[in-house]
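These notes concern the structure reproduced below.
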Amino acid sequence: MINVTKTFFPPIEEYNKQIQRAWDNQWLTNRGELVLELEEKLKQYLTVSNIIITTNGTIPLQIALNLLSSNGEIITTPFSYVAGTAAIVWQNCTPVFVDIHPEYLTIDETKIEAAITDKTTAILATHVFGNPCHVEAIENIAQKYNLKVIYDAAHCFGVKYKEKSIFDYGDVSTCSFHATKLFHTGEGGAMFTNDTDLRHQLFYSHNFGHNGPLAFHGLGINAKMSELQAAMGLAVLPYIDKIIYERKKIVEFYNANIDFLEVYSLKIRGNTYWNYSYYPLIFETEEKMLKVQKKLNDNNIFPRRYFYPSLNTIEYTKGFEMPISESIASRVMCLPLYVDLKLEELEKIILLINTSLC
Ligand SMILES: *Cc1c(COP(=O)(O)O)cnc(C)c1O
C-alpha cells in the first residue's frame, strides 16, 4: 500500500541512545536536558533567534490567539487544515474567512481589507503546503489597521523567504512536528516570535503561567513538550537534509513526468526556499479528480484530499461563500511524497494519472 505520506523512522539505535538519556537523568518532562538541546539545535538549523517547543502544533495557535485576539474577529483562510479555524472558535473568537489565491493557495491578500471590521483583532493565515503567504502585503494591512498577525506555519519546517526563516514573519509563527510532517517528534510543535515581551508571555503561557514554583506571571496552560518527544526529534534531526533532498527528487520527478495539460500543481512564491513538503495536484473538475483517485485506490495507492472540505462549509463556521477555496478544495489531491517512495512506485503513480486523464 502506498499512502500520501509515511513517517520517517530514524534507526532505532539512535532513538535508543537519546531515550537512554531520559532514563539516566530520571527526568521525563518540565523542560529537561533533551528538550533544551532540541531547542538549541532547532534554533541553529532554522536560523531563528528563539523557539519554544510544544507538545503539538495546535496549542501554540490557541496560546497565540489567547494572547493576541481579544476575543474578536479573526481573518483567516478557508483552505487549510481545520486546526486553525477550530482554535479560533475554541478560543471564543469569530472566524472571518477571506478567499484564497487560485495558484499560490494562500489567503488572497487583496481581499483582506474588505473583510476588516471594528471587531477585527488579528489575521491567522496559513503558509499552505509550505508556500509563504504574501507576508509584506499582510504586514502592511496589519500596521494600517493595528492588527496582530499569526502564521500557521505547520508545513514550513526549513522554509525560507527572502533569505530569512519563514518563522521570522508575523507576530507569532507556529509549526507542527506531528508524525506526518517533514520534521517530527511523533506529536509536537513550536512557536516563534521576535518580540521579547511577547516571547515572555508565550513562554509562561505554555507552562501554566509559572513564575518559579510558587508564583504566576498570569494565565497559562500546559503545552510543554516531553523528553520522550524530544528524544525522537533529536534522532530525526540529523536526517533532515536527507529527508528534504529525497523529497526534492520526488517532486522534480513528478514535475518532469506528469502530463500537465489538464492539471496543475502549486505555484511557489518567488524568493522562497521551499521544503518540498506536499505535492498537490489540481484537476479541472471534481469528477476528473475522483476518477484519478479511484484509479489510484484500485491500485492500492492512496493520495489524500488536502484540503477538503473548504473550512467555511463545516458545521460550526457556516455562512460564508468562498468560491475559489470551495472550488479548489473539491478538485485537489496530494500525491504520495516521502523518503522511501521507490522509483517504480513513482512511475506507476504517474502512469496511472497520465493515462486516466486522457
Ligand atoms: C498539522 C497541522 C496543524 C496541527 O498540528 P498538530 O501538531 O497536529 O496539532 C495545524 N495546521 C496545519 C496547517 C497543519 O497541517
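The structure displayed is predicted, hence computed values, not measured ones. Each ligand, and each atom within it, is numbered from 1 in the order the structure gives. Throughout, residue positions are numbered sequentially from 1 according to the sequence presented.
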Under 3.5 Å side-chain donor-acceptor pair for Glu139 and Tyr169:
no
Going by the angle between their ring planes, with limits at 30° and 60°, are Phe79 and Phe307 parallel, tilted or perpendicular?
perpendicular
His184 side chain reached by Met232 side chain, heavy atoms, under 4.5 Å:
yes
Distance, nearest 0.5 Å, that separates CZ of Phe283 from CG of Leu290
9.5 Å
Pairs of nitrogen or oxygen atoms, one from ligand 1 and one from the protein, closer than 3.5 Å: please tabulate them with distances.
| residue | atom | partner | partner atom | Å |
| --- | --- | --- | --- | --- |
| ligand 1 | 5 (O) | Ser176 | OG | 3.2 |
| ligand 1 | 7 (O) | Gly57 | N | 2.7 |
| ligand 1 | 7 (O) | Ser176 | OG | 2.7 |
| ligand 1 | 9 (O) | Gly57 | N | 3.2 |
| ligand 1 | 9 (O) | Thr58 | N | 3.1 |
| ligand 1 | 9 (O) | Thr58 | OG1 | 2.6 |
| ligand 1 | 11 (N) | Asp152 | OD1 | 3.3 |
| ligand 1 | 11 (N) | Asp152 | OD2 | 2.6 |
| ligand 1 | 15 (O) | His155 | NE2 | 2.7 |
| ligand 1 | 15 (O) | Lys181 | NZ | 3.1 |

Counting the benzene-type ring for Trp, do Tyr239 and Phe8 have ring centres under 6.0 Å apart?
yes
Can you name the residues that form a salt bridge (charged side-chain N to carboxylate O under 4.0 Å, His left out) with Lys43, not counting sequence neighbours?
Glu40
